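Worksheet: one structure, shown below.
We name chains A, B, ... by the order of the sequence lines, and we start the count at 1 in each one. Predicted model, so just to flag it, every value in this text is computed and none were measured.
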There are 2 protein chains.
Amino acid sequence: MERQATRAAAGTRAGSAPVTLAQIARQAGVHVSTVSRALSTDEAVRGGVATETAAQIRALAEELGYQRDPAGAALRTGRSRMLGVLVPRLTDIVLATIYEGIDAAAATAGYHTVVANTGDEPELQRRRADALLARRVDGLVLGDARSDCDLVAELAHRRIPLVLVSRRLPGRVSVTTDDVLGGRLAAEHLLGLGHRRVAVVAGERYASTGVERTQGFLDAFAEAGLPVPESHVVPSRFDVPGGRAAAEHLLGLTPRPTAVFAVNDFAAVGVMAAVRDAGLTVGQDVGVVGYNDVPLAAALPVSLTSVRSPMYRMGEVAATTLVNMLDGKPGRSRRLRPTLEARASTLGG
Amino acid sequence: MERQATRAAAGTRAGSAPVTLAQIARQAGVHVSTVSRALSTDEAVRGGVATETAAQIRALAEELGYQRDPAGAALRTGRSRMLGVLVPRLTDIVLATIYEGIDAAAATAGYHTVVANTGDEPELQRRRADALLARRVDGLVLGDARSDCDLVAELAHRRIPLVLVSRRLPGRVSVTTDDVLGGRLAAEHLLGLGHRRVAVVAGERYASTGVERTQGFLDAFAEAGLPVPESHVVPSRFDVPGGRAAAEHLLGLTPRPTAVFAVNDFAAVGVMAAVRDAGLTVGQDVGVVGYNDVPLAAALPVSLTSVRSPMYRMGEVAATTLVNMLDGKPGRSRRLRPTLEARASTLGG
DNA sequence: GACCCGAGGGCAATCGTTTGCATAACCTCG
DNA sequence: CGAGGTTATGCAAACGATTGCCCTCGGGTC
């Protein structure tokens, strides 16, 4: 009664009050618990209701446009059927694509997702994670795991179900691409083209992506008997200015590298800009390889050779893994296979 | 009791059960209702509790790490403190940026947001909107309003509190940039540079953004005594291939336009590609103007002149407007001011 | 000294759903 | 035909927070 009054007072509330189990029960002439069981998605529970009764109730529910109230259900079961997702930035198309995959798979499994930006800052990561947990999400997908801070360990210790995506951390369930292999693919491509003096724009040290892509790349060159000197491997931010700054440094070295591997497409765009600024031609004078193969890569004036990673799929797998863990199944890390897309930035032309 | 059992069974549940009002009440030696009032954000309610008692309770809650259970609160109040957000695609940086603004402002007001992609498809828009409403969001921010379908009218009729963002629709509360003015800015820039024969890549007909930007542009040229012929205004998708296709058509016209206004930066990138493919130089032979000024615009090899729109701010204002409406205040449409960033794609060099 | 007033806080109902247990009807089999 | 089992349904108690109403107590007023 009080509530109805509140409703009426707030002029903008949704019009007709939502249908409840009780209303269906009344119309069907059965008890609300029967309706609840008939509408359950759990086969075992629904089995307790006569097939015919269940069918009638479901038809009636459909007709009345019944939608389960998540608040009631959450209160009783202690589960919200919501997953929290943390990403560095949603405006980064890589993470946005991964998130789309997460959300799609979660929706299929009957979960909604809530996403938050952390800007890759430990302080913000903690605050956002807490906010999501305050919302009582059932689990977390973390797209911003850092090797240099212990938020993940802490969450795991609190027994929060969680899955890492994009970046790995030892001992945690994660879904990533095989970044070591990806780096190797880039190296083999450049080796095949005859490059002998190369450099790496290696990304942030705290991100497994940059570290492992770099490692795979260096391994392959070392195995080919052409170890890349440390001076030719520089850390960087993951964005255009970051790549540009790193490349300006590398292009100043003598002898100048004939190709640069950037562990991220945006950094690679920065590298290309630096190459142009130095009066050189991308693909002719200097080869450039990126990573992720974002749509932009193919659309650039000089199209960018890039290691393609299945970003959307990664998100899907991460979400499915988490949902399985919530059902009590053990979580298992996955590394998806990257492939290389060769384009003008290394082939010339 | 049943619930505890369930908890224990699902091995992956968060460890210690969350603190409840009842626990605080017990420890503080007061009734749970007093705790509820002491912790209320509503000044009037909190006034009912002695200042000192309230302070003690708040301190204790803090110490125990109390976090209000949203399910319990939602069940009682009928409000979830969640906002639904619908966007065409989150991988579109324009919408992603707007969404970041929405989420930030919502968080400040104590709301969480849930976002969903609709791919600009009416069928999907409806399904996603229904899914969000099934989650009992308190209101919707729609970033994908189409003038050619009546979902918005329908939602409004059901008295769902809603605010449009980015795109407008007559008679609805919306927060957009002043797109007519934006188009006019682009036109005045080109007129000032001496362009007399121009063309427009106009975007989708169902989106107010494209329509109004085009209108402002055409108005300004008409007022200058240089009306743009209909043949020089072609609709397009909002992405790179869309802009490219439209531009290929326009560059085939004789006499060829000396400048092209694309109502969206991605379409503008497509235009630039088409110009290059035709063996012409952007900024020399053909001027190009985009819209939104996404970060990429300045980073392109030939930097793109673009009408900058305050995307993040738009999201913030939209969310704040919706929250105010939920508080019973009337909603009011806003049009934010765009500005023009002149760069090499029109200035040359 | 009787009365009123206001402040502070307790009581209990309520939101909608789920689920362990109780019950009733029916079936099967010896 | 009755004991034991199965099947279908009802009952009621939670889950946690909010809020209208009522009670108590202290102080002020006439």
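- In this structure, A:R128 does not pair ionically with B:D103, as no charged nitrogen and carboxylate oxygen lie closer than 4.0 Å.
- When the P atom of D:dA17 is taken as reference, atom CD1 of B:I57 falls 13 Å away, rounded to whole Å.
- Residue pairs meeting the side chain to side chain donor-acceptor pair (under 3.5 Å) criterion with at least one partner in residues 141-150 of chain A, sequence neighbours excluded, are A:T118-A:D144, A:Q125-A:D144, A:R146-A:D148.
- Taking atom CG of residue A:L75 and atom C1' of nucleotide C:dC15, one finds them 9 Å apart after rounding to whole Å.
- Of all non-hydrogen atoms in B:A71 and B:D69, the two that sit nearest each other are N-OD1, 2.7 Å.
- Nucleotide D:dC15 holds its P atom 22 Å from the CZ atom of A:R81, rounded to whole Å.
- Pairs of residues two or more places apart, or lying in two chains, never qualify as side chain to side chain donor-acceptor pair (under 3.5 Å) while including a residue from residues 50-60 of chain A.
- Of the residues near DNA chain D, B:G72 and B:V45, the one whose nearest nucleotide (by heavy atom distance) lies more toward the 5' end is B:G72.
- A:R79 has its CZ atom 23 Å from the P atom of C:dG16, to the nearest Å.
- In terms of the side-chain contact (heavy atoms from CB on, under 4.5 Å) criterion, residue partners of A:V30 (sequence neighbours excluded) are, by chain and number, A:A28, A:T34, A:V35, A:I57.
- Side-chain N/O atoms of A:Y99 and B:T91 include no donor and acceptor closer than 3.5 Å.
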Detail all sub-3.5 Å separations between protein N/O atoms and N/O atoms belonging to nucleotides 4-10 of chain D.
{"unit_1": "D:dT9", "atom_1": "OP1", "unit_2": "A:T53", "atom_2": "OG1", "d": "2.8"}
{"unit_1": "D:dT9", "atom_1": "OP2", "unit_2": "A:A50", "atom_2": "N", "d": "2.9"}
{"unit_1": "D:dT9", "atom_1": "OP2", "unit_2": "A:T53", "atom_2": "OG1", "d": "3.4"}
{"unit_1": "D:dG10", "atom_1": "OP1", "unit_2": "A:H31", "atom_2": "N", "d": "3.4"}
{"unit_1": "D:dG10", "atom_1": "OP2", "unit_2": "A:H31", "atom_2": "N", "d": "2.7"}
{"unit_1": "D:dG10", "atom_1": "OP2", "unit_2": "A:T34", "atom_2": "OG1", "d": "2.5"}
{"unit_1": "D:dG10", "atom_1": "N7", "unit_2": "A:R37", "atom_2": "NH2", "d": "3.3"}
{"unit_1": "D:dG10", "atom_1": "O6", "unit_2": "A:R37", "atom_2": "NH2", "d": "2.8"}

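- The backbone N or O of B:L90 lies less than 3.5 Å from a partner atom in the side chain of B:N117, making a donor-acceptor pair.
- Residue A:S36 has no polar side-chain atom (N or O) positioned under 4.0 Å from OP1 or OP2 of C:dT17.
- B:D69 places its CG atom 7 Å from the P atom of D:dG16, with the value rounded to the nearest Å.
- Near-neighbour residues of DNA chain C inside residues 20-28 of chain A, defined by a heavy atom below 4.0 Å, number-ordered: A:T20, A:L21.
- Under the 4.0 Å criterion applied to side-chain N and carboxylate O atoms, A:R158 and A:D130 are assigned as salt-bridge partners.
- Summarising the geometry, the separation between CD on B:E52 and P on C:dG8 is reported as 11 Å, rounded to the nearest angstrom.
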List, one per line, each side-chain donor-acceptor pair under 3.5 Å for residues 311-320 of chain A, sequence neighbours excluded.
{"unit_1": "A:R313", "atom_1": "NH1", "unit_2": "A:E316", "atom_2": "OE1", "d": "3.0"}
{"unit_1": "A:T320", "atom_1": "OG1", "unit_2": "A:E316", "atom_2": "O", "d": "2.6"}

